[in-house]
Each structure stands twice: as C-alpha cells, then as structure tokens.
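Inspection log for the structure reproduced underneath, given as structure tokens.
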Number of protein chains: 2
Amino acid sequence: MKKRLDLESLREGVLSGSRVLLSQAITLVESALESDQKLAAELVQSLMAHTGKSIRIGITGVPGVGKSTFIEAFGMLLLRQGKKVAVLTIDPSSQLSKGSILGDKTRMERLAADKQAFIRPSPSGTTLGGVSGKTREAMLLCEAAGFDVVLVETVGVGQSETAVKNMVDYFLLLMLAGAGDELQGIKRGIMEMADALVIHKADGENLDEAKKAKANYQNALHLFPASQKDWTPRIALASSMTGSGLEEVWEQVLLYEAKMKGNGFWESNRAAQRLSWLDEQIQFLLGQAFSKDPRVSQSLEEYVEKIRSGALNPGTLAKKLVSLFLSKRSPR
Amino acid sequence: MKKRLDLESLREGVLSGSRVLLSQAITLVESALESDQKLAAELVQSLMAHTGKSIRIGITGVPGVGKSTFIEAFGMLLLRQGKKVAVLTIDPSSQLSKGSILGDKTRMERLAADKQAFIRPSPSGTTLGGVSGKTREAMLLCEAAGFDVVLVETVGVGQSETAVKNMVDYFLLLMLAGAGDELQGIKRGIMEMADALVIHKADGENLDEAKKAKANYQNALHLFPASQKDWTPRIALASSMTGSGLEEVWEQVLLYEAKMKGNGFWESNRAAQRLSWLDEQIQFLLGQAFSKDPRVSQSLEEYVEKIRSGALNPGTLAKKLVSLFLSKRSPR
C-alpha cells in the first residue's frame with residue numbers, strides 16, 4: 001500500500017515537473033535494490049505515454065574540448081528561448097573520476113541554478129550496459145517532467161559514444177581547430193556518427209584557425225558516403241565565451257528535426273533505438289544473472305587458470321557453465 | 001562406443017596432419033547438431049595440449065585491396081620456407097556472398113593444391129559470435145595438425161576485424177596507395193589495431209605512389225600513442241604479382257614474435273584472448289538459449305510492436321523476458 005502511494009506521488013511529482021521528485025525518481029531507477037527496481041519499472045512504465053516529446057541531443061568530444069562550458073552556454077541559450085533543458089551524463093568510468101564529475105557540476109553552476117534546467121551526472125560504478133539503460137530511463141523521466149531538450153553528454157570513454165548515439169536523435173561532436181592529427185585519429189571513427197560538428201572555442205586568436213578547420217572538415221565530409229537519412233553533417237563555429245555560433249547550432253538542430261520528421265527517419269530511428277535498447281538490456285540482465293550464480297562463479301574460479309594457460313578449451317567451458325546456469329531454477 | 005572410435009580416429013587423423021580428417025574435424029565443430037557439438041568439444045579438448053604453437057596472423061583490408069592474392073603469394077613464400085600454412089576466413093555475412101567465397105577458393109588455387117597448405121572458408125549463415133567461436137576452434141585444430149602459420153582473413157564486415165584481432169598474435173592491414181580519403185576514413189579505426197600495414201600492389205606504375213603513401217603513413221603512425229606492448233606498426237610495400245616485399249612482411253612477423261616472446265606480451269595476450277573468448281562464447285550461448293526459448297519468443301512477438309511505438313518501456317520488457325527465461329528449467 002505504501003509502495004502504491006509512493007508510486008503515485010512520484011508519478012504526480014514528475015508529471016508536475018518537480019525537480020526534487022524527478023531527482024528522487026532517477027535515484028530510484030539507479031538503485032540496485034530489487035524492491036526499488038520493481039517500483040522504478042512501474043513508475044517508468046506508468047509514464048510512458050508522457051515520454052518521447054523532447055529533442056534528444058548527444059554531445060561528445062575529447063577531454064579539453066570544453067564540453068561542460070559548451071553545454072552550459074548552449075543550455076542557457078535554450079532557456080532564454082523558453083525551453084526546459086535537462087542534462088544527463090553517461091560515463092561508465094565515473095567511479096574512477098569522481099573529481100571530474102563534481103567539477104562538471106561546479107562548472108555548470110549557472111545552468112544548474114535555473115529552475116527550468118536539470119542536471120544529473122551518471123550513476124557511478126556501473127558497467128556500460130547498466131549505465132546506458134539507466135540513462136535511457138532517466139531520459140524518459142525527464143521527458144515526462146516536461147523537459148523539451150535532453151542533452152546527453154558522453155565523456156568519450158570506450159564504447160560510450162556508441163551507446164549515446166544509440167539513444168539520441170541528434171549527435172553533436174565538439175572539436176578544436178588546430179588540434180594535432182593524433183586527436184583527429186581518435187575522432188575519425190566518431191565523425192561518421194555525427195550529425196553536426198561544432199568547432200568550439202572559435203574566438204579571438206583561434207578564429208582564423210577555426211575557419212580554416214571548418215573548410216577542411218567540409219571537404220572531408222563530402223568524401224563520406226551519403227547516409228541513408230539524407231543528411232550531410234553540418235559544421236558550425238561556436239564560442240561559449242562570446243556566445244557566437246550557438247544559435248546556429250540550435251537552428252541546425254531544428255532544421256534536422258523538421259527534415260527527419262518529414263522523411264520519417266525521426267520515428268523509425270527511435271523505433272530502432274527502442275528495439276536495440278531491449279536487446280542490450282536483455283544481454284545485460286542475462287550476463288548479470290549469470291555472473292551472480294554461485295555455481296557458475298565457483299566453477300569459473302576453479303577453471304579460470306586452465307583457460308588462461310590454454311589447457312582447457314574456452315568453448316567447452318562456456319558450454320559447461322551455460323548448461324550449469326540453465327539447468328537449475330533461478331533462486332527467485 | 002562408435003563415438004569413442006570416431007573421436008579416436010579423428011584425433012589421430014588430425015595429429016597425423018591429414019587434411020581430410022582435419023577437414024572433417026572442422027565440419028564437426030561447425031555442425032549445429034547437439035551430438036556433433038558434444039563430440040567436437042571432446043575432440044578439441046583432447047587436442048588442447050597440441051595447440052598454441054603456430055603464429056596466428058590476422059589479415060584485413062577493404063574489398064579490392066587484394067586479400068586473396070596477397071594470402072596466396074604470402075602463403076606460397078611460407079611454404080617455400082618449409083612452413084605448413086592454414087588459411088581460415090571469418091565472414092559472418094558469408095551466407096549472403098557465397099559467390100565471393102567460392103571465388104576466394106578459386107583464386108587461391110595454387111595454395112590450395114599444396115599438401116602443406118590448408119584453406120577453409122567461414123561457416124556460412126552464422127552470427128559473428130558463432131563464427132568466431134568456430135573459427136577459433138578450427139584454428140586450434142589446425143595447430144594440432146601441425147600447421148606453423150595460421151592466416152585468418154576477415155572480409156572487413158561489421159565487427160569482424162575486432163573479432164579477428166582478438167584471436168590472433170599479429171594483425172596485418174592491407175592498404176592501397178592513392179585510395180581516396182573516403183577509404184582512409186574507414187581504415188582509421190582499424191589502423192590502431194594493426195601491427196603491420198602492407199601497402200599492396202606496390203608494383204609498376206603504382207610504385208611511386210606506394211612509396212609516398214608509406215612515408216605518409218609512417219608520419220601518421222608516429223602520432224599514435226605508443227602501445228603498451230612497445231611496438232610501432234611496421235609499414236611495408238608488397239606486390240603479390242612480382243613477389244617483392246613479401247619476405248620483408250614475414251621478417252617483420254618474426255621480429256614481432258621474438259620481441260613479444262621476449263617481453264612476455266605474446267603469452268599474456270594469448271591468455272587475455274582465451275578469457276575474452278570464454279566471455280564471448282558465454283554471451284553467445286546465453287543469447288542463443290534465450291532466443292530459442294518458446295515462451296520468450298511468444299512474449300516478444302506479443303510486445304514487440306509496443307516497444308517499437310514507445311508504449312512499453314524496453315527496460316521493463318527486458319526484465320520480464322529474462323525472468324521468464326530464468327524462471328523455468330531449460331528443456332535439456
């Protein structure tokens with residue numbers, strides 16, 4: 001009975017746009033407690049009809065590119081345009097870098113102080129499968145709470161860009177002009193995922209370099225195969241310090257939205273993302289149940305050295321462990 | 001009793017280096033029949049002590065780079081040096097491109113005709129997790145049959161490069177000089193995985209271009225962060241038509257082997273690969289059992305439209321399906 005009440009008050013709180021209750025709801029989603037998870041699932045499900053109405057924007061870039069300052073300046077612009085803005089961070093390594101996350105919060109102070117904005121760092125100490133599932137549910141809750149734009153920031157560690165690309169409508173890559181080829185190399189794989197490149201810190205002495213970089217990227221992008229959605233990544237110069245270019249970045253988002261809603265890609269992309277989310281979560285939950293099984297872990301511990309040394313065929317052990325796992329009823 | 005006999009004769013046949021029995025053994029490994037799989041697992045396990053002694057080389061490159069001609073010419077060189085050479089292909093899409101696989105076999109005619117060589121295309125119509133597990137076991141069987149060098153070719157589709165990188169000692173990327181930036185873009189992500197770049201078709205009119213390309217790549221590679229194993233990817237020019245450069249490619253492999261065996265990376269890398277193989281196969285088998293479960297597929301079919309439309313939370317359905325799957329004894 002208490003649970004029902006809690007569910008109802010959380011639900012009402014989120015729908016009313018309360019940042020405090022939205023925050024509590026996300027904490028519930030992130031909780032590892034079985035009872036919390038059950039309630040969280042009910043909560044999210046009860047809000048599904050109120051989700052999906054925001055523009056979901058993924059933002060990435062190498063460390064030092066100024067993601068936090070960009071998000072704050074871009075978010076402030078959106079607030080001035082009357083939008084409600086939520087910022088989520090996805091960072092599977094956040095357990096190791098708590099400092100930087102606190103830093104992020106400090107750096108986005110202006111945005112965090114505005115009642116029309118909501119900032120939430122990544123749950124710490126979770127694997128990517130866990131983080132991305134929870135971030136997706138947090139995104140749905142933000143939408144139910146009436147946020148018009150959800151910015152999902154990735155710190156660019158490991159596979160997190162792919163995870164973010166897979167949960168947003170629009171993927172924005174922040175770059176710096178004049179960064180060495182080493183950086184370019186890192187970004188190349190990501191460039192193909194981007195809907196927009198923003199050359200950041202394009203101000204003062206950097207401006208000329210930035211203009212040159214824009215021309216270069218423009219040329220490079222022409223060589224990419226045309227995407228099925230019929231969109232060539234836009235390139236903009238922007239400065240979070242002077243604010244220049246931020247409006248153009250937003251206009252490109254709106255242009256993209258209009259075009260993709262027109263040609264049907266917007267909705268088909270979201271449908272595909274929901275299916276891949278399902279798939280990903282199934283894999284994650286199966287893997288989790290598997291590694292929690294005491295018989296599996298005992299057997300694994302017994303044989304792992306033989307795997308390492310090559311005495312035991314990994315294929316054989318995999319089969320044995322999976323059979324063991326599936327041969328008994330799960331404890332619950 | 002019959003099975004035991006079969007196991008024994010297969011085992012002896014593989015150990016004696018019989019290509020016919022090696023071929024049968026690999027067919028057994030690739031079989032989807034449960035009884036075959038059981039026998040295959042016994043067979044591979046019984047041969048583990050005889051595995052691990054080859055040099056495992058992965059070879060990739062975009063279509064048109066001349067992988068088959070390179071492998072044939074390189075393989076013939078190794079045969080002349082008294083090595084036994086096995087060629088395996090990994091191609092999760094092979095069901096769709098049977099033509100090209102037959103083509104490969106035809107193109108490697110000289111190599112295939114030699115008794116010291118063994119060529120085996122990828123099992124067709126299998127998912128990557130299935131293919132890579134089977135290719136790994138085929139590789140072990142080739143080693144037990146006394147092959148000194150195993151060349152694993154990837155057709156460069158999807159995640160297959162990563163799968164191959166993860167099962168070989170040495171990863172070789174074939175490139176063409178003067179290919180447009182578009183191709184470079186595709187290769188960039190792979191370049192970081194490569195232990196060697198071979199600029200192929202470096203002959204006749206292409207030679208000057210190839211030399212220039214080598215200098216360019218050399219510069220680019222210097223910008224990459226040094227790898228933990230202390231090895232800068234080597235770049236060689238090679239022509240399968242004239243044979244030039246192939247010896248250099250092989251010398252680089254031997255240099256790598258000596259260095260990595262000296263610093264311990266060779267064995268630690270293989271140990272890590274065996275563990276990740278175990279992990280991958282567990283995921284694959286769990287996923288397979290899951291999708292074969294009739295209650296799961298029925299429930300999935302019932303709800304998939306609601307997932308697609310966003311009416312149902314994918315996280316909730318994932319939980320429901322996984323609970324359903326784990327709540328009953330598996331059929332076997």
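Proteins get letters first, then strands, A, B, ... in listed order; numbering begins at 1 in each.
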Between B:Val304, B:Leu140, B:Val44, B:Asp279, the one whose heavy-atom pairs under 4.5 Å with chain A are most numerous
B:Val44
Are there over 12 heavy-atom neighbours, none belonging to [X], within less than 6.0 Å of that residue's [atom1]?
X: A:Lys292; atom1: NZ; answer: no
X: A:Glu257; atom1: CD; answer: yes
X: B:Lys214; atom1: NZ; answer: yes
X: B:Glu301; atom1: CD; answer: no

Does the side chain of A:Leu285 come within less than 4.5 Å of B:Lys319's, by heavy atoms?
yes
Minimal heavy-atom distance between A:Thr316 and B:Ala41, with the atoms involved, is OG1-O, 3.8 Å
Can you name the nearest heavy-atom pair linking B:Leu326 to A:Ala289, along with the distance?
CD1-CB, 3.6 Å
Honestly, the part of B:Leu321 sitting under 4.5 Å from a heavy atom of chain A is side chain
Under 4.5 Å from any heavy atom of chain A - which part of B:Leu47
neither
Going through the checks in order, is the side-chain contact (heavy atoms from CB on, under 4.5 Å) test met by B:Phe325 and A:Ile282?
CA-CA 11 Å; B:Phe325 174 62; A:Ile282 287 170; over 6 Å; no
Looking at A:Gln45, A:Glu42, A:Glu137, which hits side-chain hydrogen bond (donor to acceptor under 3.5 Å, both in side chains) with B:Asn313?
A:Glu137
How many angstroms lie between atom CG of A:Leu278 and atom CZ of B:Arg308, to the nearest 0.5 angstrom?
11.0 Å
Can you check whether anything in residues 264-277 of chain A gets within less than 4.5 Å of chain B, heavy-atom wise, and list it by number?
A:Glu267, A:Ala271, A:Arg274, A:Leu275, A:Trp277
Please look at A:Ala49 and chain B and tell me whether the side chain, the backbone, both or neither of the residue comes under 4.5 angstrom of a heavy atom of that chain.
neither
Exam field: side chain B:Gln281 to backbone A:Gly315, donor-acceptor pair closer than 3.5 Å
no
The side-chain hydrogen bond (donor to acceptor under 3.5 Å, both in side chains) partners of B:Thr51 (sequence neighbours excluded) come to none
